[in-house]
Amino acid sequence: MKRILQDLSLGEISALVAARGEKAFRARQIYEGLMQGKAISALPIPAPLRASLLENYEDEPVKIRDVFVSGDGTKKFLFELADGNLIEGVLMQYKYGNTQCVSTQVGCRMGCRFCASTLHGRLRDLTAGEILSQILAVNRASGGNLKERAVTNVVLMGSGEPFDNYENVVKFLKLLTAEGGIRISARNVSLSTCGLVPEMRRFSEEGIPVNLTVSLHAVTDEERRRIMPIANRYPIAAILEACAYYFEKTGRRYIFEYSLIEGENADEAHARVLAALLRGRPCHVNLIRLNAVKERDLRATGENEAKRFLKILEEEGISATLRRSMGSDIGGACGQLRASYLKANGGTDDEN
Ligand code: SAH
C-alpha cells in the first residue's frame, strides 16, 4: 500500500509542496481538494504534480463500495480500503443534522460478546487519513461540501476501539476540526470507548473537547466480565475514577452507553444499582435495546422493560435517554454488514 495523503495536515502538505519546489498556493489547492473528498487524480493541479503525488500516495484510500438505505432514512456504507480491506459506516438523519458513525480499526480485538465487529478479531488499525476519508467520501456522496456539510456530527462508534488506536485517532480528531478542512466542531463529535482507563486519562489532557462516551453495559465487575473481556483488566471503579478525572480536566460531562440485554443487565435491580453508582456524577446515560447479532446468543430486552429501566433511572435522578435503534433492517449495528459480506463472499479475515 502506498502512503495516505489525507494523513497530512495543511502544514505538512505545505512542507511537501515546498520540498518539491512547487509554488506555495498549490498546498491549499491540494488540501482543499482532498477535504472536498476528491481523489488525487481529480485535483485541479498541474498534471506533473498530480503524477508525482500518485507515485507515492493512494489515489482514493477509502472508496464507497456499496450503500444500503433503511426505511428510517439511515444509510449504511460499505467502504473499500486501498489494501482491499472492507470497513463500514452509517449516516443517521436527525432533526438537528446528520450523524456519521465511523470505524477506527478493521475489526476489533476487544471481544465484547454482543458485538459483531469483534467476531473475527482485529486486522489492522486505520490511519488518521483513512478515518477522515470515510467522512470526506460520505459528505461528498451526499451532496455536501466544505461550506454546506452533509455530515454535521460524528460518532466514533463503528468497528474498532478508538483508544486501541490512540495516536491515529487523536490525529484524526485534529484533522477533522482543523482550519481549512471539513471543520466539524469537537463538540459535535462523540468518542466511544469500552473503558481503556490509561488512555481515558491520557485523552483528558489532550485538550480536544469531544463528548467522551463509555460503554458500561453492566453494574458489577462480575456481570461486566460475562459480556466484556476488558472488564478483566479494568474494574468499573477505575473507569468511574477516569471519568471523574476527565471532568476535572475538561469540565465536560461524560456519557455512558448501556445496551439492554435480556437476562444480563436489564432488570429493575440493575437500574437501581446503576443509579446508585452514578448518582451525583456529571453524566448522562444512553440506553439502547441490544441490536441482536445473529452470530451471538444474546437477546434484546422488551420495549416495555426498557421503558421501565429508563423510568427508574429518571426517578432516581439520573439523566438518561432511551435511544431508538436505527437501521436495524440493514445491519445497522457495528460490524454486522462487514461480517455478513465476508460470509456471503466466503472471506475469512482472522487476525494472524
Ligand atoms: N469500541 C468502542 C466503540 C464502538 S461500539 C466502544 O466499545 O465503545 C459503539 C457502541 O455500540 C458501544 O457502546 C458498543 O458496546 C455498542 N454495541 C456494539 N454492538 C452492539 C449491539 N449489537 N447492540 C447494541 N449496542 C452495541
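None of these values were measured; they are calculated from a predicted model. Just so you know, ligand 1 is whichever comes first in the structure, and atom 1 is the first atom listed for that ligand.
Both F256 and F114 are members of a single hydrophobic cluster when ILVMFWY side chains are connected at heavy-atom separations under 4.5 Å. Note on M92: it clusters hydrophobically with Y96, by side-chain heavy-atom contacts below 4.5 Å among ILVMFWY residues. Under a hydrophobic clustering in which Ile, Leu, Val, Met, Phe, Trp and Tyr are joined whenever their side-chain heavy atoms come within less than 4.5 Å, directly or via other members, I208 and I255 fall into different clusters.
Looking at R289 next to ligand 1, no N or O pair under 3.5 Å apart turns up. In terms of polar-atom proximity, defined here as any N/O pair under 3.5 Å, G158 makes no such contact with ligand 1. The N/O atoms of E257, backbone and side chain alike, include none that comes under 3.5 Å of an N/O atom in ligand 1.
With a 4.0 Å heavy-atom cut-off, ligand 1 is reached by the backbone of T193 but not by any atom from C-beta on. Contact annotation for C115 and ligand 1: heavy atoms of both the backbone and the side chain come within less than 4.0 Å of the ligand.
Relative to atom 23 (N) of ligand 1, the option among V214, N291, T213 with the closest non-hydrogen atom is N291.
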Show, in sequence, the C-alpha distance, side-chain angles and deciding distance for V138 and F77, and conclude whether the side chain to side chain contact (heavy atoms under 4.5 Å, CB included) test is met.
CA-CA 8 Å; V138 167; F77 294 87; 3.9 Å; yes
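Close approach to M157 involves these atoms of ligand 1, each under 4.0 Å from a residue heavy atom: 4 (C), 5 (S), 9 (C). Each of the atoms 6 (C), 7 (O), 8 (O) of ligand 1 lies under 4.0 Å from some heavy atom of C194. Listed by number with element, the atoms of ligand 1 under 4.0 angstrom from any heavy atom of G160 are 1 (N), 2 (C), 3 (C), 4 (C). Heavy-atom proximity to V293, at under 4.0 Å, picks out these atoms of ligand 1: 22 (N). Ligand-side atoms of ligand 1 in range of H217: 13 (O), 14 (C), 15 (O), range being under 4.0 angstrom from any heavy atom.
Between the R124 side chain and the Q105 main chain, no donor and acceptor come within less than 3.5 Å of each other.
Considering CD of E268 and CD of E305, their distance stands at 9.5 Å, rounded to 0.5 Å.
The salt bridge (Lys or Arg N to Asp or Glu O under 4.0 Å) with E88 is formed by just one residue from the set K76, R65, K75; it is K76.
Between Y246 and F203, the ring planes are parallel. Angles under 30° get that label, and only those over 60° would be called perpendicular.
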